[in-house]
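Each ligand, and each atom within it, is numbered from 1 in the order the structure gives. All of these numbers come straight from a predicted model, not from anything done at the bench.
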Amino acid sequence: MTKVRKPEIRVRVAPSPTGNLHIGNARTALFNWLFAKHHTGKLILRIEDTDLERSSLEFEKNILNGLEWLGLKWDEFYKQSERLDRYEKHLKKLLEEKKAFWCYHSKEELEAEKKEQTQKKEAPRHICEHKYMNHESGIMNQGAGIIRLKVDENSHRTVRFEDIIRGHVEFEQRVIGDLSLAKDLRTPLYNFAVVVDDHEMKISHVIRGEDHIANTPKQILIAEALGVSLPQFAHLPLILGEDRSKLSKRHGAVNFDEYIGAGYLPEALVNFLSLLGWSSKDGREILTKNEIIEQFSLEKVHKSGAIFDVKKLNWINSQYIKQFNDEGLTSLVMPFIEKYFGKQDKVFVLKLAPVFRERLEYLDQVKEFKYFFGEPEYEADILVWKKSDKEKTHKALESVLEILSSNLEWEIFDEKYIRSELDKLAEEKFGGDRGAVYWPLRVALTGEKFSPDPVEIARIIGKEKTLNRIQVALKKP
Ligand code: GLU
């Protein structure tokens with residue numbers, strides 16, 4: 001028996017460079033990449049920059065940087081602005097075949113029509129009488145017109161497709177109207193350029209956000225007019241904020257750059273984004289890239305919206321941070337530390353690595369550890385533990401100073417021993433209230449109410465600084 005060769009899987013990421021990389025586009029790009037990788041197919045990156053007024057090279061660069069940072073490599077790269085000849089060729093053909101026509105309605109007329117339809121609660125569409133006019137030279141523009149596809153508004157047809165994620169989807173053809181294809185022969189519009197490209201680039205699957213679902217019947221009609229076959233469609237669920245409305249700025253950062261800047265790790269973001277609308281077989285939430293690739297399938301993508309939960313992202317990121325050894329973590333945090341606290345000694349930062357490993361959710365949080373890099377500043381009041389008073393606080397700090405400055409060997413700082421001494425102090429002089437001892441020590445060392453364990457901090461900053469900070473606290477009014 002002859003083997004039937006499976007058609008090649010070719011998917012595309014098609015960002016419009018009219019803004020910086022958005023978290024939603026990053027998720028769409030990732031799902032395309034995962035699908036391509038799972039099937040050993042190809043990923044095509046296509047910059048949809050036909051809207052010259054709104055597109056910019058700067059946005060394009062930002063998008064490419066973000067995708068590269070995530071580790072999503074593409075196999076082919078195109079820019080629509082470099083393909084105008086292709087669109088022109090197809091537009092001319094459609095005009096010659098009288099499947100497309102020039103519409104000479106002014107912007108104002110079209111807007112007035114749209115307004116009226118919206119008031120009547122009808123779906124906005126333009127049914128253009130110009131399609132019945134037989135212009136002499138069909139392909140030449142006779143004035144300030146745009147090119148539209150002739151769509152029979154009297155048809156009872158429903159345009160249908162089977163979406164891999166959403167199942168059967170259908171739209172009535174009547175409501176579509178004579179949709180616009182291009183502003184002129186060399187200025188194609190979105191739906192038209194996409195169909196030409198998906199065909200010429202041999203795209204097998206269009207995987208994109210659900211917000212494009214209403215464009216799909218239009219693209220099907222265009223493909224039919226061009227006489228080209230259709231890719232399979234898979235529309236990904238929207239990303240929602242925690243209140244279940246469409247994710248927007250008010251829910252937090254939607255700009256991908258902000259996550260890079262805050263020190264999230266690319267592997268953690270890949271892991272987190274992959275779970276926005278998809279889940280692993282056994283429900284595990286920490287998965288390597290290879291595990292995700294291996295398990296990924298569009299059939300397992302959820303239909304309902306995916307909630308963007310920053311707490312979950314932080315948890316996932318902290319799990320990735322924990323996987324680094326001291327050296328690795330030190331190199332990761334160093335740029336963030338130096339951004340806030342200036343040049344630092346690597347040997348010292350190495351000592352902080354265990355604290356960071358335990359506590360950081362994302363790298364920019366190193367800014368909360370300023371007491372490691374300079375003397376703390378605080379009001380004397382906060383030295384006083386809630387169940388204590390000024391006098392007792394003073395007494396506690398004096399005793400702590402005595403314990404710490406006595407002949408302990410700081411070279412081999414024995415945390416266990418020091419803790420037992422401090423506990424004994426609490427027991428003997430403060431009726432077993434450990435807070436009376438540890439709280440003022442914590443504030444003296446950090447200037448903060450919340451921090452890692454003060455004994456650990458003492459070990460890290462060393463004898464001299466520790467004793468000095470307690471003395472400073474004792475002198476506070
Ligand atoms: N350029 C479109 C966008 O950025 C892509 C649409 C599509 O994938 O067809 O939303």
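Between E291 and R284, at least one side-chain N (NZ, or NE/NH1/NH2) sits under 4.0 Å from a carboxylate O, which counts as a salt bridge. A salt bridge links K339 with D364: the distance from a Lys NZ or Arg NE/NH1/NH2 to an Asp or Glu carboxylate oxygen falls below 4.0 Å.
Here H205 pairs with F35 under the ring-ring contact (aromatic ring centres under 6.0 Å, His included) rule; sequence neighbours left out.
Within the structure, the closest approach of Q219 to ligand 1 does not fall below 4.0 Å when heavy atoms are considered.
Applying the ring-ring contact (aromatic ring centres under 6.0 Å, His included) test to residues at least two apart or on different chains, the pairs with a partner in residues 319-366 are Y264-Y362, F341-F373, F356-F369.
The salt bridge (charged side-chain N to carboxylate O under 4.0 Å, His left out) test with E76 singles out one residue from R46, K42, R10, and that residue is R10.
Ring geometry, W439 versus F450: the interplanar angle exceeds 60°, so the pair is classed perpendicular (tilted spans 30 to 60°).
The shortest N/O to N/O separation between N25 and ligand 1 does not fall below 3.5 Å. Checking only distances, A14 does come within under 3.5 Å of ligand 1, N or O to N or O.
For atom 6 (C) of ligand 1, the nearest protein heavy atom (residue, atom name, distance) is Y190 OH, 3.1 Å. Distance from atom 1 (N) of ligand 1 to its nearest protein heavy atom, with residue and atom name: E48 OE1, 2.6 Å.
For atom 9 (O) of ligand 1, the nearest non-hydrogen atom from the set H22, Q80, R208, H212 belongs to R208.
Which parts of ligand 1 touch R12 is read off a 4.0 Å heavy-atom cut-off, strictly below it: atoms 7 (C), 8 (O), 9 (O).
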